[in-house]
Asks: 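Pasting a structure here, questions to come.
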Amino acid sequence: MQKKFLFYILASTVLTLHPSLAQETKLSAAAAWDSFYGYTFFDKDYKHKDHRQHFTNLFEVNLGAEKEFDNGWSLALYADLYAGINKRQRNYSNGLWGHEIYAIIDNPYGRAMIGETQNVAAQFHINAPKAGKFGINDSEVTNFIANPNWLKDKHHTAFRTLNSTAINTDGTVAKLSYISPEIHNITLGISYIPDTYSRTGLVNRDARYAEDDGYVGAAYYTADLGFAELESSLGYAVFNKDDRDLSLGASLYRLGWTIGGSWRKTDVEGKDYPITHISNTPKLPDLFDNYREGQAWDIGIGYQFGPLKTALSYFESKAKNTSNKDKIWLLSNEFRYDKHLALYLAAAKTDFEGASNAESNRGWALMSGFSVGF
């Protein structure tokens, strides 16, 4: 099914970029390099489990072709390419490198998206504010302090707790999405996912339900309350007919200050695909899909003054039926020198609790880095 999606996109690209139309098509290209260094202070029981220093580099290239038609219609085709060095969470579509290829059709009736994108609930999601690249959800912090509850490497994928308050189960697997026009400050969206599995998501490729479909609905609401500006989001998803996923988020902005938070809950209904407590195959570790019954929440406050942005946030994730639990406290800062260069400085405290001391990790991390855009 994903190959068919990509075929449609490539066929559209050929038609759009036909020589007779080339002069009417707007082409775009951009690139970015993110470089991060971190030094970790582990608690005494964990100081021999990992390296104290970690150096990560991320690369991104964005290519686009856009064409406008009459009556408010437009077609845009994009190819986003990614690569990482020393990235602990190998969550690109091909491990340490990957791509997202997709098309967007805008018209007076809304927006249609086809290809490798996030679902509408993840696109709409509002959560705790962040400053720079060190966010609190699906956090880069785990590149410096490993979380045994979140494993995504060359051979294994296991999420024993949720790693985000956004609905990210399906990652950027190929899908169809529709987003409505804004009506009375409300925007609605729906996504259909033919195959749930993606290296960018939470599902193990060898799970029995990896190729089952999913449906996601979402709403986004914004309003000027007089004393502050409100943003809020709601998402609901059903994967493989028995995974139920609910997310809520909201934030308030006033005079450079932002306060926000979000919550997500997952549950399994029925007995078709129960959580795997004890696995009989090395490709599926014990509790590899424990994230399917649990909850996560975050809260934070941020401030922006000119080129400086800072945020203090907290994230917690907990499994429903086991003792697996995650806590991340994060202070992050960004200084944007200009549109091409940004500098980052962050500090994090983590407490990752597994079923035993050997499956846990705790400590502090000091992290710095920069982004260069071209």
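Quick caveat, the model's predicted, so the values are computed rather than measured. Residue numbers run from 1 in the order of the sequence given. FYI, side chains are in, hydrogens and waters are out, and symmetry mates aren't considered; it's all heavy atoms of this structure.
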Asks: Can you classify the ring geometry of F335 versus Y337 as parallel (below 30°), tilted (30 to 60°) or perpendicular (above 60°)?
Replies: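 F335 and Y337: tilted rings.
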
Asks: Please say whether more than 12 non-hydrogen atoms of neighbouring residues, nucleotides or ligands are located less than 6.0 Å from CH2 in W263.
Replies: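 Result for CH2/W263: enclosed.
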
Asks: Give a yes or no on whether the backbone of L343 and the side-chain of R336 come within a donor-acceptor separation of less than 3.5 Å.
Replies: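 Answer holds: no.
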
Asks: Can you find a pair of side-chain heavy atoms, one from T258 and one from I301, that are under 4.5 Å apart?
Replies: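 No, their side chains stay 4.5 Å or more apart.
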
Asks: According to side-chain contact (heavy atoms from CB on, under 4.5 Å), who are the partners of E140, at least two apart in sequence or on a separate chain?
Replies: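 With sequence neighbours excluded, E140 shows a side-chain contact (heavy atoms from CB on, under 4.5 Å) to L58, K87, F134, N143, given in chain and number order.
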
Asks: Over 60° means perpendicular and under 30° means parallel, so tell me whether W150 and F315 are parallel, tilted or perpendicular.
Replies: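 W150 vs F315 ring planes: perpendicular.
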
Asks: Within the distance-only criterion (no hydrogens, no angle test), does the side chain of E229 pair as donor or acceptor with the backbone N or O of D224 below 3.5 angstrom?
Replies: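 It does not hold such a pair.
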
Asks: Are F42 and V141 connected, step by step, through hydrophobic side chains (Ile, Leu, Val, Met, Phe, Trp, Tyr) whose heavy atoms are closer than 4.5 Å?
Replies: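 Yes, one cluster joins them.
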
Asks: Taking the six-membered ring of Y209 as reference, does the NZ or CZ atom of R292 fall below 6.0 Å from its centre and within a 45° cone about the axis?
Replies: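 That pair qualifies as a cation-pi contact.
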
Asks: Looking at every heavy atom in both G201 and K152, which two are closest together, and how far apart are they?
Replies: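 G201 and K152 have their closest heavy atoms at O-NZ, 2.8 Å.
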
Asks: Here's one to test your reading of the geometry: is the NZ or CZ of K67 within 45 degrees of the ring axis of F69 and under 6.0 Å from its centre?
Replies: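 K67 over F69 ring: yes.
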
Asks: In this structure, are over 12 heavy atoms from other groups packed under 6.0 Å from H277 atom NE2?
Replies: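 Atom NE2 in H277 is crowded, with more than 12 foreign heavy atoms closer than 6.0 Å.
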
Asks: With a sphere of 6.0 Å drawn around CZ of F41, does it hold more than 12 non-hydrogen atoms of other residues, nucleotides or ligands?
Replies: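 Atom CZ in F41 is packed in, count exceeds 12.
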
Asks: Are L308 and L312 linked, directly or through other ILVMFWY residues, by side chains that come within less than 4.5 angstrom of each other?
Replies: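 No, L308 does not connect to L312 through the hydrophobic network.
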
Asks: Taking all atoms of both residues into account, what is the closest heavy-atom pair of L162 and D326, and its distance?
Replies: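 Shortest heavy-atom separation between L162 and D326 comes out as O-OD2, 4.1 Å.
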
Asks: Ion pair present between D242 and K271, side-chain N to carboxylate O less than 4.0 angstrom?
Replies: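 No.
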
Asks: Give me the atom names and distance for the closest heavy-atom approach of F55 to F36.
Replies: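 Closest pair (atom of F55, atom of F36, distance): CD1-O, 3.1 Å.
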
Asks: Hey, which of D213, D170, D195 is the one that makes salt bridge (charged side-chain N to carboxylate O under 4.0 Å, His left out) with K175?
Replies: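 Only one option passes, and that is D170.
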
Asks: Report the C-alpha distance between N149 and E359 in whole Å, list the side-chain angles of each, state the deciding distance to 0.1 Å, and finish with yes or no for side-chain contact (heavy atoms from CB on, under 4.5 Å).
Replies: CA-CA 8 Å; N149 289 325; E359 297 173 336; over 6 Å; no

Asks: Looking at N137, N168, T165, which hits side-chain hydrogen bond (donor to acceptor under 3.5 Å, both in side chains) with R264?
Replies: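 The side-chain hydrogen bond (donor to acceptor under 3.5 Å, both in side chains) with R264 is passed solely by N168 among N137, N168, T165.
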
Asks: Under 3.5 Å, side chain of S232 to main-chain N/O of Y221, donor-acceptor pair present?
Replies: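 The answer is yes, because a donor-acceptor pair under 3.5 Å joins these two groups.
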
Asks: side-chain hydrogen bond (donor to acceptor under 3.5 Å, both in side chains), that's the test. Do D34 and S371 meet it? Break it down for me.
Replies: CA-CA 4 Å; D34 299 336; S371 289; 2.5 Å; yes

Asks: Verify salt bridge (charged side-chain N to carboxylate O under 4.0 Å, His left out) between E316 and K325, making sure each step is shown before the conclusion.
Replies: CA-CA 7 Å; E316 182 173 314; K325 188 175 183 178; 3.7 Å; yes

Asks: I'd like to know if the side chain of H340 reaches the main chain of G373, judged simply by a donor and an acceptor atom lying under 3.5 Å from each other, with no hydrogens or angles considered.
Replies: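 Side chain of H340 to backbone of G373, a donor-acceptor pair under 3.5 Å: yes, one is there.
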
Asks: Do T281 and S279 have a side chain donor and acceptor closer than 3.5 Å?
Replies: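 Their side chains do not contain a donor-acceptor pair, so the 3.5 Å distance test is not met.
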
Asks: With side chains defined as the heavy atoms from C-beta onward, is the minimum distance between K130 and S313 less than 4.5 Å?
Replies: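 They are not in side-chain contact.
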
Asks: Going by the rule ring pair (Phe, Tyr, Trp, His ring centres under 6.0 Å), which residues pair with Y46 if we only count those two or more places apart in sequence or in a different chain?
Replies: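 With neighbours one apart ignored, the set is empty.
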
Asks: State whether R90 and D153 are salt-bridged, where the test is any N-O pair (Lys NZ or Arg NE/NH1/NH2 against Asp/Glu carboxylate O) under 4.0 Å.
Replies: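 Looking at R90 and D153, the cut-off is not met.
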
Asks: Does any donor atom in the side chain of Q53 or Y37 lie under 3.5 Å from an acceptor atom in the other side chain?
Replies: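 On atom types as modelled, these side chains qualify, holding a pair under 3.5 Å.
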
Asks: Could you verify whether a donor N or O on one side chain and an acceptor N or O on the other, from T172 and T117, lie under 3.5 Å apart?
Replies: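 The answer is no; no qualifying pair exists.
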
Asks: Is a side-chain donor or acceptor of R52 paired with a backbone partner of T40 at a separation under 3.5 angstrom?
Replies: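 At least one qualifying donor-acceptor pair exists.
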
Asks: Could you check if a side-chain atom of L230 sits within less than 4.5 angstrom of a side-chain atom of T222, using non-hydrogen atoms only?
Replies: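 No. Closest side-chain heavy atoms not under 4.5 Å.
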
Asks: Pair Y220, E231 - check side-chain hydrogen bond (donor to acceptor under 3.5 Å, both in side chains), show working.
Replies: CA-CA 8 Å; Y220 170 82; E231 285 187 287; 2.5 Å; yes

Asks: May I ask whether V120 and Y102 are part of the same hydrophobic cluster, defined by side-chain heavy atoms of I, L, V, M, F, W, Y residues being less than 4.5 angstrom apart, directly or through others?
Replies: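 V120 clusters together with Y102.
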
Asks: Using a 6.0 Å cut-off, check whether atom NZ of K265 has over 12 heavy atoms from anything other than its own residue.
Replies: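 Count over threshold, so yes.
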
Asks: Any idea which heavy atoms bring P285 and A158 closest together, and the distance?
Replies: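 Residues P285 and A158, closest heavy atoms: CG-CB, 4.2 Å.
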
Asks: Determine the minimum heavy-atom distance between I167 and A121, stating which atoms define it.
Replies: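 That would be CD1-CB, 3.9 Å.
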
Asks: Determine yes or no for a side-chain-to-main-chain donor-acceptor pair under 3.5 angstrom, with E293 supplying the side chain and N321 the backbone.
Replies: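 Looks like no, no N/O pair under 3.5 Å.
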
Asks: Indicate whether any N or O donor in one side chain lies under 3.5 Å from an N or O acceptor in the other, for D212 and Y273.
Replies: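 Yes, because at least one side-chain N or O of D212 sits under 3.5 Å from a partner of the opposite role on Y273.
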
Asks: Before giving the answer on salt bridge (charged side-chain N to carboxylate O under 4.0 Å, His left out), spell out for R244 and D267 the whole-Å C-alpha distance, their side-chain angles and the decisive distance to 0.1 Å.
Replies: CA-CA 5 Å; R244 302 296 192 268; D267 196 25; over 6 Å; no

Asks: Is a side-chain donor-acceptor pair under 3.5 Å present for Y78 with E66?
Replies: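 There is such a pair (donor and acceptor under 3.5 Å, judged by atom type) between the side chains of E66 and Y78.
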
Asks: Tell me whether D43 contacts the main-chain N or O of D45 through its side chain, where contact means a donor paired with an acceptor under 3.5 Å.
Replies: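 The answer is no, because no donor-acceptor pair under 3.5 Å joins these two groups.
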
Asks: Take atom CD in E68; do more than 12 heavy atoms of anything else shown fall under 6.0 Å from it?
Replies: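 Not more than 12 within 6.0 Å, no.
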
Asks: Examine distances only and state if a side-chain atom of Y253 and a backbone atom of G256 form a donor-acceptor pair shorter than 3.5 Å.
Replies: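 Yes; judged by distance alone, with no hydrogens or angles, the pair exists.
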
Asks: Indicate, with yes or no, if I186 and L225 share a hydrophobic cluster defined by side-chain heavy-atom contacts under 4.5 Å among Ile, Leu, Val, Met, Phe, Trp and Tyr.
Replies: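 Same cluster: L225 reaches I186 through Ile, Leu, Val, Met, Phe, Trp or Tyr contacts under 4.5 Å.
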
Asks: Is it true that W297 and L234 fall in one hydrophobic cluster, defined by side-chain heavy atoms closer than 4.5 Å?
Replies: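 Yes; tracing contacts between hydrophobic side chains, which count when under 4.5 Å, links both residues.
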
Asks: Without hydrogens or angle criteria, can the side chains of T196 and N240 be said to hold a donor-acceptor pair below 3.5 Å?
Replies: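 The criterion, which ignores hydrogens and geometry beyond distance, is not satisfied for N240 and T196.
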
Asks: Looking at S262, S164, S317, which one forms a side-chain hydrogen bond (donor to acceptor under 3.5 Å, both in side chains) with D298?
Replies: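 Filter result, single survivor: S262.
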
Asks: If we ignore hydrogens and angles and just use 3.5 Å, is the side chain of K283 paired with the main-chain N or O of A207 as donor and acceptor?
Replies: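 No; zero donor-acceptor contacts below 3.5 Å.
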
Asks: What do the steps show when you test W329 against Y314 for ring-ring contact (aromatic ring centres under 6.0 Å, His included), and what is the final call?
Replies: CA-CA 5 Å; W329 295 261; Y314 174 75; 5.2 Å; yes

Asks: Can any side-chain N or O of S180 pair as donor or acceptor with the backbone N or O of L188 at less than 3.5 Å?
Replies: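 Yes.
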
Asks: Checking W33 against S35 for the side-chain contact (heavy atoms from CB on, under 4.5 Å) test, could you report, in this order, the C-alpha distance in whole Å, the side-chain angles of both residues, the deciding distance, and whether it holds?
Replies: CA-CA 7 Å; W33 168 34; S35 185; 3.8 Å; yes

Asks: Search all heavy atoms of I193 against all heavy atoms of A174 and return the closest pair with its distance.
Replies: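 Shortest heavy-atom separation between I193 and A174 comes out as CG2-O, 4.5 Å.
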
Asks: So for atom CZ, which belongs to F374, do other residues, nucleotides or ligands contribute more than 12 heavy atoms lying within a distance under 6.0 Å?
Replies: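 Enclosed: over 12 neighbouring heavy atoms sit under 6.0 Å from CZ of F374.
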
Asks: Quick one: side-chain contact (heavy atoms from CB on, under 4.5 Å) partners of P148, sequence neighbours excluded?
Replies: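 Only F352, N361 meet the side-chain contact (heavy atoms from CB on, under 4.5 Å) criterion with P148.
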
Asks: Quick check: are there more than 12 heavy atoms from other residues, nucleotides or ligands sitting under 6.0 Å from NZ of K349?
Replies: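 Count over threshold, so yes.
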
